[in-house]
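What follows is one structure encoded as structure tokens, with my remarks underneath.
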2 protein chains.
Amino acid sequence: MNTTRGDKPAFHDGGHEHQSCIEDALARADDVCRERGVRLTPLRRRVLELVWSSHRAVKAYDLLAALGDAVGAAKPPTVYRALEFLMAQGLVHRIDSLNAFVGCPQPDHRHSAQFLICGGCGDVSELNAASIDRAVADQAADSDFALSRSIIELHGRCPRCATLPPTP
Amino acid sequence: MNTTRGDKPAFHDGGHEHQSCIEDALARADDVCRERGVRLTPLRRRVLELVWSSHRAVKAYDLLAALGDAVGAAKPPTVYRALEFLMAQGLVHRIDSLNAFVGCPQPDHRHSAQFLICGGCGDVSELNAASIDRAVADQAADSDFALSRSIIELHGRCPRCATLPPTP
DNA sequence: ACGGCTCTGCTATAGTGTAACGTCCTGCCG
DNA sequence: CGGCAGGACGTTACACTATAGCAGAGCCGT
Ligand SMILES: [Zn+2]
Ligand SMILES: [Zn+2]
Ligand SMILES: [Zn+2]
Ligand SMILES: [Zn+2]
């Protein structure tokens, strides 16, 4: 695994063996679901696997297409329900600015996350930066605002894509 | 006007005379468009006025319905094109987590904004908190990420709605 | 086996956003 | 003045995103 954990490490390595990312994610998902007494059914597990097929955010209808490879093409509610479950368990996050979904590298504990989204390769990296959380909480408090959910999606260029134009 | 400017002031006052919010916003829009040599046509001005009809974020199809009051109901591209122009000029912001649009209280200068979104009354308040900008920029730099656009949307309860449940 | 629950499949429909083309209007140049 | 280029708007059609509502299948405790 090479997603950042809040201290130093950064974006995904281009040449990493991604199969292990998928296996790790599925193993963590099995664990948290067993601990919580919820059912990671084959369908839900398959959807999670597809979400993790890259480090990019995946669109619901792309999942749908990938699921329906065989004969009986899957219908929208199938994938949306699986995603709803996976989000409720913190196994995937929704990226609102992309209408897409990305796997969470740390589903075992509740956390507020920030996302770095590369406009070049599309890879998404999840941060858990206490400094951002603090700044946000302080500002909310200054406005007497009772914060319940922060959506922080940062668009730009990852180190590998730094050359190309800003974000056309 | 009573939207916060980055220092102390907070959420909108419930009993304020909102007509002046609208007039101020339209006057500012006239100014910036004249200065920039772009055309705030009657349609665009009308859409902006409708966006400012409350401090809530307004959905594109609600604008569409409000425009088409009379005979020839407006079509989607009409309002989306107007919104595209208004966003390009910084006169409105899009709230991605709501698929909706809100007027910007300070269209005269470029700024990165954060939004406080009340789950009770729906009102949206725009912040321009340097402390959040700094924390975000620092974290992006730590990851060698070239930041181009930050989306920060904070959901919760405004002071007046603080009682009700967290966000059902 | 029974009754309650969750998960899944299915149909249909709501909601959100764009492509592509044509017309009109406006400002500009010859 | 006449023609022209570009921008703004209308219109049609379509793509994409998401949910409601109902029916059948599977699981589980009693
Ligand atoms: Zn990987
Ligand atoms: Zn990249
Ligand atoms: Zn007001
Ligand atoms: Zn409120």
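Since the structure is predicted, the reported quantities are computational estimates derived from the model, not experimental observations. Proteins come first, then strands; the chains are lettered A, B, ... in the order of their sequence lines, and each starts at number 1.
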remark   = Rounded to whole Å, the CZ-C1' distance (A:Arg44 to D:dG26) equals 13 Å
ask   = Does A:Tyr61 stack onto the base of D:dC16, taking stacking as ring centres under 5.5 Å apart and planes under 30° apart?
value = no
query = Could a donor-acceptor pair under 3.5 angstrom be found where the side chain of B:Arg81 meets the base of D:dG7?
reply = no
query = Taking the side chain of A:Pro77 as heavy atoms from C-beta outward, which of D:dA20, C:dG17, C:dT16 is closest to it?
reply = D:dA20
ask   = Rounded to the nearest Å, what distance is computed from the CD1 atom of residue B:Ile95 to the P atom of nucleotide C:dT16?
value = 15 Å
request  = Quickly work out the B:Phe85 CZ to D:dC9 C1' distance and round it to whole Å.
outcome  = 14 Å
request  = Kindly say if A:Arg94 contacts the phosphate of D:dA18, meaning a side-chain N or O under 4.0 Å from OP1 or OP2.
outcome  = yes
inquiry  = Can you tell me which nucleotide in C:dT8, C:dT11, D:dT19 comes closest to the side chain of A:Leu43?
reply    = C:dT8
key: Side chain of B:Arg39 - closest among D:dT12, C:dT26, C:dT8   = C:dT26
query = Taking CG from B:Leu83 and P from C:dT18, how many angstroms apart are they, rounded to a whole number?
reply = 11 Å
query = Of A:Pro76 and A:Ala82, whose closest DNA chain C nucleotide lies nearer the 5' terminus?
reply = A:Ala82
task = To the nearest Å, give me how far apart CG (A:Leu64) and C1' (C:dG9) are.
result = 13 Å
query = How close or far is atom P of D:dC16 from atom CG of B:Asn99, stated in whole angstroms?
reply = 17 Å
inquiry  = Side chain of A:Lys75, heavy atoms from C-beta onward: which of C:dG17, D:dA18, C:dC10 has the nearest atom to it?
reply    = C:dC10
inquiry  = Between the side chains of B:Glu49 and B:Arg46, is the shortest nitrogen-to-carboxylate-oxygen separation below 4.0 Å, so that they form an ion pair?
reply    = yes
For atom CG of B:Asp62 and atom P of C:dT16, their distance in whole Å = 8 Å
message = I'd like to know whether A:Asp96 forms a side chain to side chain contact (heavy atoms under 4.5 Å, CB included) with B:Ile151, so could you lay out the CA-CA distance, the side-chain angles of the two residues, the decisive distance to 0.1 Å, and finally the verdict.
response = CA-CA 10 Å; A:Asp96 287 291; B:Ile151 294 165; over 6 Å; no
ask   = Are any of A:Tyr80's side-chain N or O atoms less than 4.0 Å away from OP1 or OP2 of D:dA18?
value = yes
message = I want to check one thing: is the phosphate of D:dG10, taken as OP1 and OP2, less than 4.0 Å away from some side-chain N or O of B:Thr78?
response = yes
request  = Tell me, with the steps shown, if A:Val102 and A:Glu126 meet side chain to side chain contact (heavy atoms under 4.5 Å, CB included).
outcome  = CA-CA 9 Å; A:Val102 68; A:Glu126 177 174 341; 5.7 Å; no
request  = Give the rounded distance in Å between these two atoms: CG of A:Leu40 and P of D:dC27.
outcome  = 16 Å
inquiry  = Is the phosphate of C:dT16 approached by B:Lys59 (side-chain N or O, under 4.0 Å from OP1 or OP2)?
reply    = yes
Pair A:His55 + A:His18: ring centers closer than 6.0 Å = yes
query = Just wondering, are more than 12 heavy atoms of other shown residues or ligands nearer than 6.0 Å to CZ in A:Arg110?
reply = no
